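Below is one structure, written out as structure tokens, with a few remarks after it.
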2 protein chains.
Amino acid sequence: MGPSPIEADPAVEAERRLRAAGLARTPQRRAVLTELLGRTDHPTAEQIYEAVSRRLPGISRATVYRVLDAFTERGLLNRIQHADSVGRFDGRVDRHHHLLCERCGGLSDLEASALPELPIPAGADLGGFRIADYRITLHGVCPDCSGDAHDPPSNPTP
Amino acid sequence: MGPSPIEADPAVEAERRLRAAGLARTPQRRAVLTELLGRTDHPTAEQIYEAVSRRLPGISRATVYRVLDAFTERGLLNRIQHADSVGRFDGRVDRHHHLLCERCGGLSDLEASALPELPIPAGADLGGFRIADYRITLHGVCPDCSGDAHDPPSNPTP
DNA sequence: ATACCTGCAAAAACTTTGCAATTCG
DNA sequence: CGAATTGCAAAGTTTTTGCAGGTAT
């Protein structure tokens, strides 16, 4: 089937990114990157470890951390932050924005096309700071939390 | 002459915020909030602890963590994230933006007035998500890193 | 072949918690 | 006074590191 409009098969895309970055293509790296590209939430290192462990029993947490770190440095993925103080990862490296729920702390993606473009030319200079790109985070209340008075749902998507 | 009604003396502003939030005003809380409001960087809990310890020897790390947590919940300050995975705090709660250096990971403030307003009415609705505010992060290269010859795809020296 | 990776286990870094004493309102 | 806050110390999380052996290019 032709599922995703943009990113093809996560495994194929993972391979492509590893190759493009000139990084060693080991089973562990393939598995970690494929896992991340196959989901749209923003998993923690631990969640990635758990998921990858099912396909690659014996992979170690240390490897997951090291690999995520290497990928982040090379720009294969992004490290982001939810309401808590745990590192989270996002396989999307294209321009897109985020919706942050002030009630439950959940963070979800928002296509760049949903917002008007900022009139900031790439390469613009702001006080000596050369601008390459930008990201916007919209703060508000998500649909799940809209109904409830105060109690956050016990099943958010952080 | 309108005396900039925004942040005056950090201690005064701290007092005002504590009172407005209806939080107990203890020496520890005054010290932590005053310290944070008196600096423009985004210190970690540990850095705040160190600084406050000089004025209030004996304050415990646990108190600093608890107090920062309480303040964040009540909106007296914001929790943010640098390149690393350590919780950081920002005394500014008004709309302002950030400049993120892709080389060194440094994050600095940018006045909201430096960017055009996004035409997003507060209260707008985006797929069931009620929007209250937004923040923009500009990615690029800071002045300090501009000189370095690290990985200059195109570094014309202006 | 050899430089880079991985697993393991221990350590470090960061944050939270239980409780008794103290302080704020 | 009664309720909330603090310190201390211990426990819980999350992330990093040193090595020996294994693997990719």
Side-chain angles (χ1 to χ4, degrees), chain A residues 14-36 42-74 76-77 79-89 105 158, chain B residues 14-15 17-36 42-74 76-77 79-89 105:
Chain A
E15 191 69 24
R16 191 189 70 69
R17 292 195 193 183
L18 285 173
R19 189 178 302 266
L23 289 170
R25 278 160 280 130
T26 68
Q28 292 86 346
R29 289 173 174 216
R30 276 187 247 261
V32 165
L33 191 49
T34 299
E35 171 64 26
L36 184 61
H42 307 124
T44 65
E46 174 69 22
Q47 291 173 321
I48 293 172
Y49 165 75
E50 280 169 22
V52 170
S53 286
R54 287 195 286 275
R55 293 201 154 274
L56 219 64
I59 189 177
S60 90
R61 243 174 283 255
T63 294
V64 172
Y65 276 98
R66 276 186 294 228
V67 157
L68 287 172
D69 210 46
F71 290 172
T72 302
E73 261 178 43
R74 302 303 190 104
L76 275 66
L77 50 81
R79 185 179 218 145
I80 59 175
Q81 165 85 356
H82 274 50
D84 52 32
S85 53
V86 189
R88 287 171 185 271
F89 299 88
Chain B
E15 192 70 25
R17 291 195 195 183
L18 286 172
R19 190 179 301 266
L23 289 170
R25 278 159 280 131
T26 68
Q28 292 85 348
R29 287 172 176 216
R30 277 187 248 260
V32 166
L33 191 49
T34 298
E35 171 63 26
L36 183 61
H42 308 125
T44 65
E46 175 69 21
Q47 291 173 319
I48 293 172
Y49 166 75
E50 280 168 22
V52 170
S53 286
R54 287 196 286 275
R55 294 200 152 275
L56 220 65
I59 189 176
S60 90
R61 242 173 282 256
T63 295
V64 172
Y65 276 99
R66 275 187 294 228
V67 157
L68 287 172
D69 209 48
F71 291 172
T72 302
E73 262 178 42
R74 301 303 191 104
L76 276 67
L77 51 82
R79 184 178 220 148
I80 60 175
Q81 165 86 355
H82 273 49
D84 52 29
S85 54
V86 190
R88 287 171 185 270
F89 301 88

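Throughout, a chain's letter reflects where its sequence line sits, starting with A, and its residues are numbered from 1. Since we're looking at a predicted model, the values are computed, not measured.
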- Query: Using the C1' atoms of five pairs at each end, what's the angle between the two axes of the helix from dA1(C)-dT25(D) to dG25(C)-dC1(D), to 10 degrees?
  - Reply: 60°

So which protein nitrogen or oxygen atoms get under 3.5 Å of nucleotides 3-8 of chain C's nitrogens or oxygens?
from, atom 1, to, atom 2, distance (Å)
dC5(C), O5', Arg29(A), NH2, 3.4
dT6(C), OP1, Thr26(A), OG1, 2.7
dT6(C), O3', Gln28(A), NE2, 2.9
dG7(C), OP1, Gln28(A), NE2, 3.1
dG7(C), OP2, Ser60(A), N, 3.1
dG7(C), OP2, Thr63(A), OG1, 2.5
dG7(C), O5', Gly58(A), O, 3.4
dG7(C), N7, Arg66(A), NH2, 2.8
dG7(C), O6, Arg66(A), NH1, 3.3
dG7(C), O6, Arg66(A), NH2, 3.4

- Message: When you measure from the side-chain N and O atoms of Arg25(B) to the phosphate of dC24(C), is any distance below 4.0 Å, counting only OP1 and OP2?
- Response: no

- Residue-phosphate contact under 4.0 Å: Tyr65(B) side-chain N/O, dT15(C) OP1/OP2: yes

Quick one: [X] [atom1] to [N] [atom2], roughly how many Å, whole number?
| X | N | atom1 | atom2 | answer |
| --- | --- | --- | --- | --- |
| Arg79(A) | dT15(D) | CZ | C1' | 9 Å |
| Arg88(A) | dT13(D) | CZ | C1' | 14 Å |
| Ile48(A) | dT14(D) | CD1 | P | 14 Å |
| Tyr49(B) | dT15(C) | OH | C1' | 14 Å |

- Quick one: side chain to side chain donor-acceptor pair (under 3.5 Å) partners of Thr34(A), sequence neighbours excluded? none

- Message: Could you check whether any side-chain N or O of Glu35(B) sits under 3.5 Å from a backbone N or O of Val32(B), counting only pairs where one atom can act as donor and the other as acceptor?
- Response: no

- Task: Would you mind telling me which residue lines up with the more 5' stretch of DNA chain C, Gly87(B) or Arg30(B), judged by nearest nucleotide?
- Result: Gly87(B)

- Return each pair, listed once, that meets salt bridge (charged side-chain N to carboxylate O under 4.0 Å, His left out) where at least one residue sits in residues 60-73 of chain A; pairs must be two or more places apart or across chains. Glu46(A)-Arg61(A), Asp69(A)-Arg79(A)

- Do Arg74(A) and Arg17(A) come within less than 4.5 Å of each other through their side chains, counting heavy atoms only? no

- Message: Please enumerate all residues that pass side-chain contact (heavy atoms from CB on, under 4.5 Å) together with Arg19(B), with sequence neighbours excluded.
- Response: Glu15(B), Arg25(B)

- Message: Applying side-chain contact (heavy atoms from CB on, under 4.5 Å), can you list everything that pairs with Ala24(A), at least two apart in sequence or on another chain?
- Response: Thr26(A), Arg29(A)

May I have the list of side-chain donor-acceptor pairs in residues 49-59 of chain A shorter than 3.5 Å, sequence neighbours left out?
from, atom 1, to, atom 2, distance (Å)
Ser53(A), OG, Tyr49(A), O, 2.7

- Message: Give me the atom names and distance for the closest heavy-atom approach of Leu76(A) to Ala21(A).
- Response: CD1-CB, 3.5 Å

